[in-house]
Amino acid sequence: MTAVLFDFSGTLFRVESTESWLRGALTEAQMELAEEELTEAAQALEAMGALPGGVDPSWLPEDVASVWGVRDKSGELHRAAYTALSRHVPLPDDRLHDLLYDRHMAPAAWGPYPDAADVLRALREHGVGVGVVSNIGWDLRPVFREHGLDPYVDTYVLSYEHGIQKPDPRLFEAACAALDADPRDVVMVGDNRRADGGAAALGCAVHFVDHLPADRRPDALRPVLDLVGAAPRANGNDPQRNK
């Protein structure tokens, strides 16, 4: 394998909890909620699926249903879909809905999975190209820069910049072309079997991870190194040492 493509949310990074997200927006707005009210609002926002990168909506209101399936094709659609979801939850100030959306784009709202840096670094050391292919409505590059992972990424292919979204094979094709890699020599790593599985249509291998909190998924990315032959070799099994 000459290159690896990674999904962003739920694969390399995990978004903060809904309660932390709400607290951050309230702090920015210089507003306060009683703890009981804050907990209730956070639970309602989570049930609505209003946090991008969080859980899926438990139901889709009529005003969101028409754009939900194409929300990642543009920044405007993405913002419209998620702020519409959050507006189904009563908050003390209407400005909070846009502040919440803005908050989720901040690097502080995201944390890399524990093994992400080690895996990306090992791929770079072994000369394996790395691309990030994401269904998203905003520029995630600052998140990678803030967390020190940008030096390990060769290309970013983001749905809103191309007007197409996974599982459309054209998004994966653009990433392979940017890496000058034959799709048959590429692994796509993601947490969504439908969206990320679209890479298989080009002949890419596909490896899935579970979209879990970071503390419950410490090393799910490491098997990727075995797939591309970049895993560190234990001294006892090093054929050079055993000759």
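- Taking the six-membered ring where the residue is Trp, the centroids of F144 and F13 are separated by under 6.0 Å.
- W110 and L22 fall within a single hydrophobic cluster, where Ile, Leu, Val, Met, Phe, Trp and Tyr are joined by side-chain heavy atoms under 4.5 Å apart, directly or via other members.
- The cationic group of R217 lies under 6.0 Å from the six-membered ring centre of Y113 and within 45° of the ring axis, placing it in a cation-pi geometry.
- Under a cut-off of 6.0 angstrom, the local environment of CZ in R222 is crowded, with over 12 non-hydrogen atoms contributed by other residues, nucleotides or ligands.
- S159 places a side-chain N or O within donor-acceptor distance of the main-chain N or O of D72, the cut-off being under 3.5 Å.
- M31 places a side-chain heavy atom less than 4.5 Å from the side chain of L96.
- In terms of heavy-atom proximity, L225 sits nearest to A122 at CD2-CB, 3.8 Å.
- In this structure, L158 CG and L140 CG are separated by 4.5 Å, a value rounded to the nearest 0.5 Å.
- Taking each heavy atom of V209 and A220 in turn, the nearest pair found is CG1-O, 3.7 Å.
- For R121 and D115, the salt-bridge test fails: no basic side-chain N is under 4.0 Å from an acidic carboxylate O.
- Contact between L123 and A230 at its shortest, heavy atoms only, is CD2-CB, 4.4 Å.
- With values rounded to the nearest 0.5 angstrom, E46 atom CD is found 8.0 Å from S17 atom OG.
- Under a 3.5 Å cut-off, the side chain of S58 and the backbone N or O of A47 do form a donor-acceptor pair.
- Of all heavy-atom pairs between V130 and L179, the closest is O-CD2, 3.8 Å.
- Annotation for D180: atom CG does not count as buried by contact number, only 12 or fewer foreign heavy atoms lying within 6.0 Å.
- A salt bridge links D196 and K166; the closest N-O separation between the charged side-chain nitrogens and carboxylate oxygens is under 4.0 Å.
- The hydrophobic cluster containing F208 does not contain V224, counting ILVMFWY residues as joined when their side-chain heavy atoms lie under 4.5 angstrom apart, directly or transitively.
- Taken to the nearest 0.5 Å, the OH atom of Y101 stands 11.5 Å off from the CG atom of L85.
- Side-chain atoms of L12 and L149, non-hydrogen and from C-beta on, never get closer than 4.5 Å to each other.
- The OG atom of S9 sits 7.5 Å away from atom CD1 of I136, with the distance rounded to the nearest 0.5 Å.
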- request: Could you give me the CA-CA distance, side-chain angles and deciding distance for N192 and D7, then say whether side-chain contact (heavy atoms from CB on, under 4.5 Å) is met?
  value: CA-CA 9 Å; N192 187 302; D7 174 52; over 6 Å; no
- request: Applying side-chain contact (heavy atoms from CB on, under 4.5 Å), run through M1 and L227 and close with a yes or a no.
  value: CA-CA 8 Å; M1 296 294 177; L227 294 175; 5.6 Å; no
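- Considering every non-hydrogen atom in both M48 and P57, the closest pair reads O-CB, 3.3 Å.
- With rounding to the nearest 0.5 Å, the separation of CG in D56 from CH2 in W68 is 6.5 Å.
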- prompt: For R193 and V206, what are the C-alpha separation, side-chain angles and deciding distance, and is it a side-chain contact (heavy atoms from CB on, under 4.5 Å)?
  reply: CA-CA 9 Å; R193 291 185 176 274; V206 183; over 6 Å; no
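- Ring geometry for W59 versus H88: interplanar angle over 60°, hence perpendicular rather than tilted (30 to 60°).
- Taking CG from L38 and CG from L26, the interatomic distance works out to 6.0 Å, rounded to the nearest 0.5 Å.
- Under the 4.5 Å side-chain heavy-atom criterion for Ile, Leu, Val, Met, Phe, Trp and Tyr, F8 and M105 are members of the same hydrophobic cluster.
- Heavy atoms of other residues, nucleotides or ligands lying less than 6.0 angstrom from CZ of R170 number 12 at most.
- Considering only heavy atoms from C-beta on, D98 comes within 4.5 Å of R87 through its side chain.
- By the 4.5 Å heavy-atom criterion applied to side chains, Q43 and E19 are not counted as neighbours.
- In terms of hydrophobic clustering, with Ile, Leu, Val, Met, Phe, Trp and Tyr side chains grouped at heavy-atom distances under 4.5 Å, W138 and I164 are assigned to different clusters.
- Without hydrogens or angle criteria, Y156 side chain to S134 main chain gives no donor-acceptor distance under 3.5 Å.
- Considering E35, E16, E32, E28 in turn, E35 is the only one that fulfils the salt bridge (Lys or Arg N to Asp or Glu O under 4.0 Å) rule with R23.
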query: F172 and V157: side-chain contact (heavy atoms from CB on, under 4.5 Å), yes or no, with the steps?
result: CA-CA 8 Å; F172 305 105; V157 179; over 6 Å; no
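- With a 4.5 Å cut-off on side-chain heavy atoms, D182 and T2 do not count as touching.
- Nearest approach of A41 to V89, heavy atoms of both residues: O-CG1, 4.1 Å.
- Side-chain atoms of R124 come within 3.5 Å of backbone N or O of P151 as a donor-acceptor pair.
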